[in-house]
Amino acid sequence: MKAITVEPKKQGTARLMEVQEPNIHEGSILVEAVAVGVCGTDVEIVEGKYGWAPAGQPHLVLGHESLGRVIDPGPTGGFKKGDLVVGIVRRPDPVPCPNCAVGEWDMCSNGQYTERGIKEIHGYMSERWRIEPEYAIKVDASLGLLGVLLEPATVVAKALEQVVFIGRRSYWEPKSILITGAGPIGLLAALFAKMYGLDVHVLDRMESGSKPDLVRALGATYHSGSVLDIGFHPDSVIECTGVGQVIGESIQQLGANGILCLAGIGHGGSVKTMSVADVAASAVLKNNVIFGSVNANKRHWYKASQWLARADRNWLSKLITRIETPDNFMQALQRKPDDIKVVIQFSAI
Ligand code: BGC
């Protein structure tokens, strides 16, 4: 069968190649790939900056934002032929650490976790893949191709849950939320925060096009420019850009007792006219919490699948701005200005 592979940490090694059929040891459910979403992590792996192949193998099958159709449900697990499923990304470390031991692998404390398509286990960019029943999530059939949005939705479900948990440290009734960055994570965060009943604001550098339209269609407010100019002090911020300037301004703009979740991963860059000590002092004087959030455990996968099933299909469909074939995977990995979520489609839905 065909798979999109890479030799991790070696730039220019990504290719569509013949690989062996998935091994039964990878899970009792056999799945036909329908589509795989592409995200910044995939781009980094292809650029040779991130990623690990399985032990003793030269290549890694890419892809962690999956959607597939069950071909053979295997002997257990309550799945049937034809079910749409998405595979969980992370597996607990083998020790296991206390977090992994209780199923909170997203909070793994020794770093020995593995991740499909990212860290030491093959991903989902192959014509067929296998999955363990306990790591397969059934997707509402009416979502169709939109089920490929489940993985990024789980990252959002975890981030929002953590904000709510942290908020319990004091009397705190959040009314407003600012989301910085209107990519797939930011827009899904806006959707879920709206479903949660918050006054939602989204800031992005794009001044026109589908991003502002999508935000306004939710009944949320769109901003471009500096966070310092949004005109209010948000109770919480979900930071999805990973850009130093936006992070610093978000901390300065955050309201009293406010919580800022860092969900974007950036590198390098410099910050204009901002002192780390001044930014920190503003956080101290407002009792702010600034925390990072990555990955998701089964609780978040469940919540995200429920929220996605309730979301407006027409709005969700506008998040998928480009569909490429596996042969064109390199184009899928190249970002265009209007891209929100680019998907590689392996088979018809
Ligand atoms: C994935 C997460 C993963 C993280 C770090 C993200 O793109 O969505 O599941 O934990 O990369 O590898």
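Atoms considered below: every heavy atom in the structure, side chains included; atoms not considered: hydrogens, waters and symmetry mates. Ligands are counted one by one from 1 in listed order, and the atoms in each one are counted from 1 as well. Values in this document were obtained by computation on a predicted structure and should not be read as measured data.
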*Asks:* Can you say whether the rings of H122 and H59 are parallel (under 30°), tilted (30 to 60°) or perpendicular (over 60°)?
*Replies:* parallel

*Asks:* So if I count the atoms of ligand 1 from 1 in the order they appear, which ones are less than 4.0 Å from some heavy atom of R90?
*Replies:* 10 (O)

*Asks:* Please check if the distance between the ring centroids of F346 and W129 is under 6.0 Å.
*Replies:* no

*Asks:* Inspect the contact between R322 and D339 and indicate whether a charged nitrogen and a carboxylate oxygen are less than 4.0 angstrom apart.
*Replies:* yes

*Asks:* May I ask you to list the atoms of ligand 1 that are less than 4.0 angstrom from any heavy atom of Y50?
*Replies:* 5 (C), 12 (O)

*Asks:* Does H64 approach ligand 1 within less than 4.0 angstrom via side chain, backbone, both or neither, non-hydrogen atoms only?
*Replies:* side chain

*Asks:* Does the distance from a Lys or Arg side-chain N to an Asp or Glu carboxylate O, for R69 and E32, drop under 4.0 Å?
*Replies:* yes

*Asks:* When you look for heavy atoms under 4.0 Å from ligand 1, do you find them on the side chain of C39, its backbone, both, or neither?
*Replies:* side chain

*Asks:* Where is the nearest protein heavy atom to atom 12 (O) of ligand 1: which residue, which atom, and how far?
*Replies:* E115 OE1, 2.6 Å

*Asks:* Side chains of H64 and E115: donor-acceptor distance under 3.5 Å anywhere?
*Replies:* no

*Asks:* Considering only non-hydrogen protein atoms, determine which one is nearest to atom 9 (O) of ligand 1 and report residue, atom name and distance to 0.1 Å.
*Replies:* N295 ND2, 2.8 Å

*Asks:* Can you pull out the closest protein heavy atom to atom 7 (O) of ligand 1? Residue, atom name and distance to 0.1 Å, please.
*Replies:* T41 OG1, 2.6 Å

*Asks:* Do any heavy atoms of E65 fall under 4.0 Å from ligand 1?
*Replies:* no

*Asks:* Inspect the contact between R130 and E21 and indicate whether a charged nitrogen and a carboxylate oxygen are less than 4.0 angstrom apart.
*Replies:* no

*Asks:* Could K119 and Y113 be counted as a cation-pi pair, given that NZ or CZ must be under 6.0 Å from the ring centre and within 45° of the axis?
*Replies:* yes

*Asks:* Could you find the nearest protein heavy atom to atom 8 (O) of ligand 1 and give me its residue, atom name and distance?
*Replies:* E151 OE2, 2.8 Å

*Asks:* Could you work out, for atom 4 (C) of ligand 1, the closest of V294, V155, T154 by heavy-atom distance?
*Replies:* V294

